[in-house]
Amino acid sequence: MQRYLKRAKELESEIVENRRKIHQFGGIGFDIQETSDFVFEKLQSYGLHPQRMCGTGIVCTIGSGGKTILLRADMDALPIQEDTGLPFACQNGTAHACGHDMHTAMLLAAAKMLSETQDELKGTVKLMFQPAEEALKGATAMMEAGVLENPKVDAAFAIHVTTGHENFPTGSIQYVRGVAFGACDMFRITVKGKECHGAYPCRGIDPINIGSRIVTATQELVSMELPATEEAGITFGKFHSGEASNIIPSEAVLDGTIRTLSKEARTLLKTRFKEIVEQTAATFRGQAIVEYPLETGFCITDPDLFDQLKPTLCALAGEEMVQQIAPVNGSEDFGPISEIIPTVYVWMGAGTPSEGYPEKVHSPRTKFSESVLPLGAAIHATVAVNWLDQNA
């Protein structure tokens, strides 16, 4: 069990160096060419044969024949200006405030270690380096491009680092059995009104007024129509309408998300949301069109697969450091893969407030403890080897 952890600790300075280089590249969505090129060249230097997919995505297999387990790392950053003060801070207006640089560095180290022992593999390890996770588009794009085929993937595993939580000790592993991340349905509401002079509102139909009432009305859906035990959320992030202060515009556009942790809640909220939006607009003589430009399903940890992998996680992180937690109402674009392939998705603590890491993810000031990098790399490699051994 400790073989890869020992090797990962020997590689620690290299893993840290790779992480800091990737951190400086930044980049968002599919526009991560520097990171993609860096990962591609590193894999080649390990004697592997990576392939491009979806532009900046990368797929690489180690071993051959038998069952196939997929290990995944996301590579994109966030469109925010970094304010960490780190000497390797990104300077291009993007920031790795969600830890994807950590994920990529850990999986690169796992790739190196597996390449050194590939003759011993009792099957195939497929590495998936993915763009556009923050846009909730990258995993689906790679799935549609065939990442789960040739060879066919039988199981999948992913790690996400977290920071800024005192109850997530550094080096701990948190997991959920079943739905780990909720579904996220991004909506757009287009409210159609009638333009008129601001002095004569009776001559028009005010889409801003209608939009405001839609925001208020839909906020009651979660509290009034779902059981108290059901966790969900409806949030509006954008509301745009008009260009002049003295003109009632003809249109308003509202963007937001519906987040749910069960299929039943998802179906109910989306159905009732559309009804309330359309009927509210009609009440005030307007029209509202509801669209879902992006729909991401649940990210699910398969209980049976987790039971297979848990001994490995306990052996490497320590049994007391492997902790079950409640589902997270955020979203993860690995969800569509987890819905068709048995998957285990875990979080890894990478810094607590008392250790000097007060900021949670997605802040311009987010920092992560690099001390967990060898552990993450070892977990990737050991999980793959042990699962292949058990399922040969």
Side-chain angles (χ1 to χ4, degrees), residues 28-30 53-55 57 70 72 74 76 78-79 98 100 128 130-148 153 156 158 160 176 178-191 211 214-215 217-219 221-222 225-226 230-240 252-281 288-302 327-343 345 361-362:
I28 58 174
F30 291 93
M53 182 175 285
C54 302
L70 177 110
R72 174 266 203 162
D74 36 12
D76 56 320
L78 286 156
C98 201
H100 296 184
M128 175 183 177
Q130 177 210 309
E133 190 284 324
E134 296 294 352
L136 300 178
K137 296 179 179 179
T140 298
M142 292 186 72
M143 184 170 67
E144 291 174 350
V147 72
L148 301 181
V153 172
H160 199 304
V176 179
V179 174
F181 278 98
C184 178
D185 297 297
M186 295 187 178
F187 62 77
R188 167 160 289 185
I189 303 169
T190 304
V191 180
I214 286 172
V215 171
T218 54
Q219 294 307 295
L221 268 173
V222 173
E225 300 201 24
L226 285 180
E230 187 77 57
E231 188 173 347
I234 298 175
T235 55
F236 289 81
K238 293 172 66 176
F239 189 148
H240 178 77
V253 178
L254 295 78
D255 292 340
T257 61
I258 299 175
R259 299 178 186 272
T260 49
L261 290 171
S262 74
K263 292 180 180 179
E264 294 76 15
R266 189 182 190 189
T267 299
L268 174 64
L269 285 188
K270 291 179 73 175
T271 300
R272 290 290 290 131
F273 185 80
K274 187 173 187 291
E275 291 174 354
I276 289 173
V277 168
E278 292 177 347
Q279 291 171 15
T280 300
I289 301 166
V290 180
E291 301 171 289
Y292 291 97
L294 188 61
E295 299 170 290
T296 298
F298 306 100
C299 188
I300 303 165
T301 283
D302 182 89
V328 175
N329 212 12
S331 51
E332 162 60 66
D333 88 333
F334 206 55
I337 289 178
S338 76
E339 290 181 333
I340 61 175
I341 300 293
T343 295
Y345 192 106
V361 296
H362 285 222

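What you see is a predicted model; the values in this text were computed from it and never measured. Side-chain atoms are counted along with the backbone in the values below, which use heavy atoms only and exclude waters and symmetry mates.
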S.K.: Find the distance between CE (Met186) and CG (Asp255) and round it off to the nearest 0.5 Å.
M.R.: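 Those atoms lie 9.5 Å apart.
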S.K.: Would Ile337 and Arg72 count as a side-chain contact (heavy atoms from CB on, under 4.5 Å) here? Give the steps.
M.R.: CA-CA 11 Å; Ile337 289 178; Arg72 174 266 203 162; over 6 Å; no
S.K.: So, for Thr280 and Ala217, which heavy atoms are closest and what is the spacing to 0.1 Å?
M.R.: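 What the structure gives for the nearest pair is OG1-CB, 4.3 Å.
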S.K.: Drop me the distance from Leu269's CG to Arg259's CZ, to the nearest 0.5 angstrom.
M.R.: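 It is 13.0 Å, given to the nearest 0.5 Å.
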S.K.: For the backbone of Phe298 and the side chain of Glu339, can you confirm whether one donor and one acceptor N or O come within less than 3.5 Å of each other?
M.R.: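 Checked: pair present.
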S.K.: Describe, in one word, how the ring planes of His100 and His160 are oriented to each other, choosing from parallel (under 30°), tilted (30 to 60°) and perpendicular (over 60°).
M.R.: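 Rings of His100 and His160: perpendicular, as their planes differ by over 60°.
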S.K.: Output all residues satisfying ring-ring contact (aromatic ring centres under 6.0 Å, His included) with Phe236, sequence neighbours left out; order by chain, then residue number.
M.R.: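 Applying ring-ring contact (aromatic ring centres under 6.0 Å, His included) to Phe236 gives Phe187.
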S.K.: With side chains defined as the heavy atoms from C-beta onward, is the minimum distance between Phe239 and Val191 less than 4.5 Å?
M.R.: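 No - every pair of side-chain heavy atoms lies 4.5 Å or more apart.
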S.K.: Roughly how far, to the nearest 0.5 Å, is OG1 of Thr218 from CD1 of Ile258?
M.R.: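 If I round to the nearest 0.5 Å, the distance is 8.5 Å.
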S.K.: Report the distance from atom CZ of Phe181 to atom CG of Asn329, rounding to the nearest 0.5 Å.
M.R.: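 Nearest 0.5 Å value for the CZ-CG distance: 10.5 Å.
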S.K.: Sorted by first residue and then second, give each side chain to side chain donor-acceptor pair (under 3.5 Å) pair with at least one member in residues 230-239; sequence neighbours left out.
M.R.: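 Non-adjacent pairs meeting side chain to side chain donor-acceptor pair (under 3.5 Å): Glu230-Ser262, Thr235-Thr257.
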S.K.: Keeping Asp76 on the side-chain end and Glu133 on the backbone end, is there a donor-acceptor pair under 3.5 Å?
M.R.: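 Checked: pair present.
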S.K.: If you look at every heavy atom in Thr343 and Ser338, which pair is closest and at what distance?
M.R.: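 Looking at all heavy atoms of both residues, the closest pair is OG1-CA, 3.3 Å.
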S.K.: Going from CG on Leu268 to OG1 on Thr260, what distance comes out if it is rounded to the nearest 0.5 angstrom?
M.R.: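 Spacing of CG (Leu268) from OG1 (Thr260) equals 10.0 Å.
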S.K.: Contact between Gln130 and Cys54 at the side-chain level, heavy atoms closer than 4.5 Å - yes or no?
M.R.: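 They are not in side-chain contact.
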S.K.: Any side-chain to backbone donor/acceptor pair from Glu332 onto Phe334? Under 3.5 Å, distance only.
M.R.: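 A pair under 3.5 Å: yes.
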S.K.: Step by step, work out the side-chain contact (heavy atoms from CB on, under 4.5 Å) result for Leu78 and His362.
M.R.: CA-CA 8 Å; Leu78 286 156; His362 285 222; 3.6 Å; yes
S.K.: For Ser331 versus Leu136, what's the shortest heavy-atom pair and its separation?
M.R.: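 For Ser331 versus Leu136, the nearest heavy atoms are OG-CD1, 3.8 Å.
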S.K.: Taking side chain as C-beta onward, heavy atoms only, is Ile340 less than 4.5 Å from Leu148?
M.R.: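 SC-SC contact between Ile340 and Leu148 confirmed.
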S.K.: Does Ile341 reach the side chain of Leu70, with side-chain heavy atoms less than 4.5 Å apart?
M.R.: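 Ile341 vs Leu70: side chains apart.
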S.K.: Nearest 0.5 Å, please: how far is CG in Leu294 from CG in Asp185?
M.R.: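 Answer for the CG-CG pair, Asp185 versus Leu294, is 8.5 Å.
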S.K.: If I compare all heavy atoms of Val176 with all of Thr301, which pair ends up nearest, and what's the gap?
M.R.: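 It is O-CB, 3.0 Å.
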S.K.: Taking atom NZ as the centre, does Lys274 end up with more than 12 heavy-atom neighbours from other residues, nucleotides or ligands that are less than 6.0 angstrom away?
M.R.: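 Atom NZ in Lys274 is not packed in, count stays at 12 or less.
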S.K.: Of all the heavy-atom pairs spanning Gly297 and Arg266, show the shortest one and how long it is.
M.R.: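 For Gly297 and Arg266, the tightest heavy-atom pair comes out as CA-NH1, 3.9 Å.
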S.K.: Indicate the atoms forming the closest heavy-atom contact of Thr296 with Asp333, along with that distance.
M.R.: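 Residues Thr296 and Asp333, closest heavy atoms: CG2-CA, 4.0 Å.
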